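Below is one structure, written out as structure tokens; the observations come after it.
Letters go in sequence order (proteins before strands), and every chain restarts at 1. Here the structure is a predicted model, which is why all the values come from computation and not from measurement.
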Number of protein chains: 2
Amino acid sequence: MPPRVTIVDVAARAGVAISSVSSALNNRPGVSDDTRKRILEAAEDLGFVPSLRGRSLSAKRAFAVGLVVHRDPYVLESDPFFGSFIGGIETVLDPRGYALILQMGSERVETLDRYRSLAANRRVDGVFLNELGVDDPRIPLVQELGLPAVGVNAGPAFPLPAVRQDHGRGIAELVDHFVTLGHRRFAHVSGPHEFIHGHQRRRAWGDALAAAGMEPGVVVEGDFTYEGGVSAADRVFGGGSREARPVHPTAVFCSNDLSAIGFMARASELGFRVPEDVSVAGYDGIELGTYVRPALTTIRTNPRLIGREAARMLLDAIDACPEGTRRIPDVDVDPAHLLVRSSTGPAPLQD
Amino acid sequence: MPPRVTIVDVAARAGVAISSVSSALNNRPGVSDDTRKRILEAAEDLGFVPSLRGRSLSAKRAFAVGLVVHRDPYVLESDPFFGSFIGGIETVLDPRGYALILQMGSERVETLDRYRSLAANRRVDGVFLNELGVDDPRIPLVQELGLPAVGVNAGPAFPLPAVRQDHGRGIAELVDHFVTLGHRRFAHVSGPHEFIHGHQRRRAWGDALAAAGMEPGVVVEGDFTYEGGVSAADRVFGGGSREARPVHPTAVFCSNDLSAIGFMARASELGFRVPEDVSVAGYDGIELGTYVRPALTTIRTNPRLIGREAARMLLDAIDACPEGTRRIPDVDVDPAHLLVRSSTGPAPLQD
DNA sequence: TTGAAAGCGCTACCAT
DNA sequence: ATGGTAGCGCTTTCAA
């Protein structure tokens with residue numbers, strides 16, 4: 001490693017004090033135009049890049065934010081959310097000189113410890129709270145630690161700044177789509193009950209059905225995985241083949257695309273044609289949904305946008321932190337909308 | 001944010017000098033057992049956690065390493081490699097007090113700049129070089145910058161420390177599997193030619209076929225995506241249906257699972273049954289491969305293990321850096337092996 | 001406007 | 001064995 005060029009070198013070269021260099025480089029007043037110019041040139045000549053470490057220590061900032069992904073590694077593999085979400089985060093972090101620290105913790109408690117140590121050694125100035133659970137223990141934790149945080153798709157009573165993408169709209173559109181197609185028997189494959197977003201989608205589905213004057217239909221608990229979709233199909237169809245179940249739900253809403261794809265696969269195996277016998281819709285809008293046959297009808301979210309807004313909010317919260325605790329207003333990105341493809345169609349004749 | 005407990009507080013409480021606290025806390029000699037005990041207690045009582053910033057500045061280390069993911073966001077979504085790879089990295093970083101900084105750059109040049117700025121402001125002490133390309137520009141860059149780096153699945157002439165998982169073995173097993181099943185007409189859906197790993201798999205495939213006394217078969221270039229697999233199937237089968245192509249490759253090796261799954265889907269659409277008419281195998285061992293029908297025969301890699309070893313090497317390289325440039329020996333993790341599932345079977349009768 | 005100097009929290013060296 | 005002190009590279013305050 002070649003020895004670094006420091007602010008001292010720049011000051012020497014420009015023939016000024018280091019404090020002037022600091023002021024000049026940070027566009028602060030108190031430096032004459034002439035001096036500023038000399039300093040800028042010197043810095044340029046020397047290829048000076050301010051040391052993050054020095055700044056960090058002095059400014060009491062890490063210039064980094066943290067994202068802790070919990071659940072097992074398979075999630076990052078298959079969950080399309082994180083890739084785009086992180087991409088969105090990056091687009092705002094980088095221009096503002098911040099970096100993303102990614103941690104993975106498989107266990108729930110382990111995750112909490114991650115946040116704790118991230119805060120304890122001040123490795124980050126703030127964190128994202130993703131995949132929020134009901135009564136998520138991270139909320140009191142960051143509050144206690146005084147660690148700036150923003151929630152991602154948080155519930156309505158979330159006590160911290162949050163960015164949300166409305167799900168109700170898209171789900172209502174889906175119900176409308178189903179009803180228009182003549183469906184009257186519904187089923188929902190939910191996410192795990194302990195997650196806020198699973199919860200919300202389930203509720204919105206129930207509400208939309210009620211608003212349309214429909215029966216609530218069955219709800220089976222899934223887990224956002226392909227496998228969960230498979231076993232959900234078994235439960236929805238009572239494990240029986242099509243012949244054994246002349247009357248069955250004809251419109252199924254799965255809480256995410258991956259489980260919807262699993263559901264479709266198992267439905268086919270059981271002899272139910274999609275969409276002739278049963279219509280299936282997912283939630284997310286992952287690429288894979290465009291490849292399976294039939295292509296998956298879904299409610300398309302925008303994780304990249306969510307990441308961007310969440311990062312923007314987090315940096316704002318960090319900037320606002322030292323002074324007042326002036327509340328950052330929540331952000332709602334454009335609602336998720338229904339995207340009709342081929343996995344949904346007219347209701348079959350039954351009864 | 002509550003004011004931090006610093007080493008000064010601990011020293012005051014224990015009634016010793018801060019230098020003694022530093023020594024005691026870092027398990028360095030020069031402190032009596034009695035004093036050490038008092039210091040430890042004081043630190044414990046105060047809940048002292050050393051500030052990363054102070055250490056960083058003093059030790060001239062960031063205690064962080066960088067991973068730059070290039071290509072578009074879709075990659076992180078669908079490529080199973082990164083989730084597990086990062087998980088593996090974490091398992092060694094965390095215990096050693098290091099953190100992972102993740103950057104994303106969609107464009108190739110942008111990626112280079114990421115490495116540059118990461119090094120310029122000393123945000124990281126080392127970087128991973130993943131997805132290596134032929135004549136990858138990052139190699140001269142990190143060499144010029146004097147930035148410790150380890151390559152992931154690098155080629156044989158790679159001039160820096162690297163961790164590799166042998167692919168030749170599994171591919172040879174696959175060829176053996178195919179030949180034993182009576183296959184004589186082969187095809188390969190490669191990865192993009194500019195990537196080392198695409199290159200290597202293709203070569204290993206050709207070598208293994210030659211070693212078995214087989215014709216080389218056709219090679220079509222894919223791009224590691226599902227879509228690439230779809231269009232590869234069109235090219236392999238000449239875009240025709242099964243009836244139009246009585247003689248066609250009966251054993252296809254795709255350079256990764258995702259493209260294999262796309263290939264299978266398209267093959268089915270064209271009327272080729274898998275595995276009755278054509279056997280298909282992939283490479284990676286992603287979860288999705290166990291769900292599709294037929295379940296995908298593949299060569300299973302271990303990204304988690306690769307991540308673990310790569311991180312271990314990188315930290316070693318960083319530790320070794322200041323003193324000698326003593327070369328860190330390369331690591332070969334257990335070879336990838338063939339995993340037979342249902343997408344491969346006996347060759348159909350032809351000719 | 002400019003410069004000197006005091007931290008920020010830690011490590012490391014050198015007296016004692 | 002202990003304590004004092006000089007950095008590490010920057011920002012910020014305060015004199016000049």
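- Side-chain contact annotation: B:R36 with B:S23, donor-acceptor N/O pair under 3.5 Å absent.
- Comparing atom distances between the A:L57 side chain and each of D:dG4, D:dC10, C:dC8 picks out C:dC8 as nearest.
- In this structure, A:S23 and B:S58 both approach DNA chain D, and ranking their closest nucleotides by distance from the 5' end singles out B:S58.
- Using a 4.0 Å heavy-atom criterion, one finds that A:T35 contacts the sugar-phosphate atoms exclusively.
- Each of C:dT2, C:dT11, D:dT11 was ranked by its minimum atom distance to the side chain of B:R28; first place goes to C:dT11.
- Following rounding to the nearest Å, B:N27 (CG) and C:dC10 (P) show an atom-to-atom distance of 16 Å.
- For the pair A:R61 CZ and D:dC10 P, the computed distance is 18 Å after rounding to whole Å.
- The NZ atom of A:K60 sits 13 Å away from the P atom of C:dG7 (whole-angstrom rounding).
- Checked against C:dT11, D:dT2, D:dC10, the side chain of A:I18 finds its nearest nucleotide in D:dC10.
- Taking a 6.0 Å sphere around CG of B:D33, one finds it holds 12 or fewer heavy atoms contributed by other residues, nucleotides or ligands.
- Comparing C:dT11, C:dG9, D:dC8 by their closest approach to the side chain of B:R55 singles out C:dT11.
- Phosphate proximity of C:dG3 to A:S20: present, with a side-chain N or O under 4.0 Å from OP1 or OP2.
- Side-chain atoms of A:S19 and base atoms of C:dG3 include a donor and an acceptor less than 3.5 Å apart.
- Comparing D:dT11, C:dG3, C:dC8 against the side chain of A:V16 picks out C:dG3 as the nearest.
- Candidate nucleotides D:dA1, C:dG9, D:dG4 were compared by shortest atom distance to the side chain of B:S32, and D:dA1 ranks first.
- Taking atom CZ of B:R4 as the reference point, atom C1' of C:dC8 lies 11 Å away to the nearest angstrom.
- Nucleic acid contact class of B:P29 (heavy atoms, under 4.0 Å, all strands): none.
- Note: CG (A:L25) to P (D:dT12) measures 13 Å, nearest angstrom.
- Nearest-nucleotide mapping onto DNA chain D: of B:G15 and B:A59, the residue sitting toward the 5' end is B:G15.
- The nucleotide whose nearest atom lies closest to any side-chain atom of B:I7 is, among C:dT11, D:dC10, C:dT2, C:dT11.
- Among residues at least two apart or in separate chains, salt bridge (Lys or Arg N to Asp or Glu O under 4.0 Å) pairs with a member in residues 84-93 of chain A are A:E90-B:R114.
- A:F63 has its side chain within reach of B:R123: a pair of non-hydrogen atoms, C-beta onward, lies under 4.5 Å apart.
- For B:S51, whose side chain is taken as the heavy atoms from C-beta onward, the closest listed nucleotide among C:dG9, D:dT11, D:dC8 is C:dG9.
- With a 6.0 Å cutoff to the six-membered ring centre and a 45° limit on the axis angle, A:R304 does not count as a cation-pi contact of A:F85.
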Item to complete: Verify side-chain contact (heavy atoms from CB on, under 4.5 Å) between B:R164 and B:D330, making sure each step is shown before the conclusion.
Response: CA-CA 8 Å; B:R164 300 179 178 81; B:D330 286 7; 2.8 Å; yes
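- In this entry the distance linking CG of B:D34 with C1' of D:dA1 reads 11 Å, nearest Å.
- D:dG9 atom C1' lies 16 Å from atom CZ of B:R123, rounded to whole Å.
- Distance from the side chain of A:S22 is smallest for D:dT12 among the nucleotides C:dT2, D:dT12, D:dT2.
- Distance B:D9 CG to C:dC8 P: 11 Å, rounded to the nearest Å.
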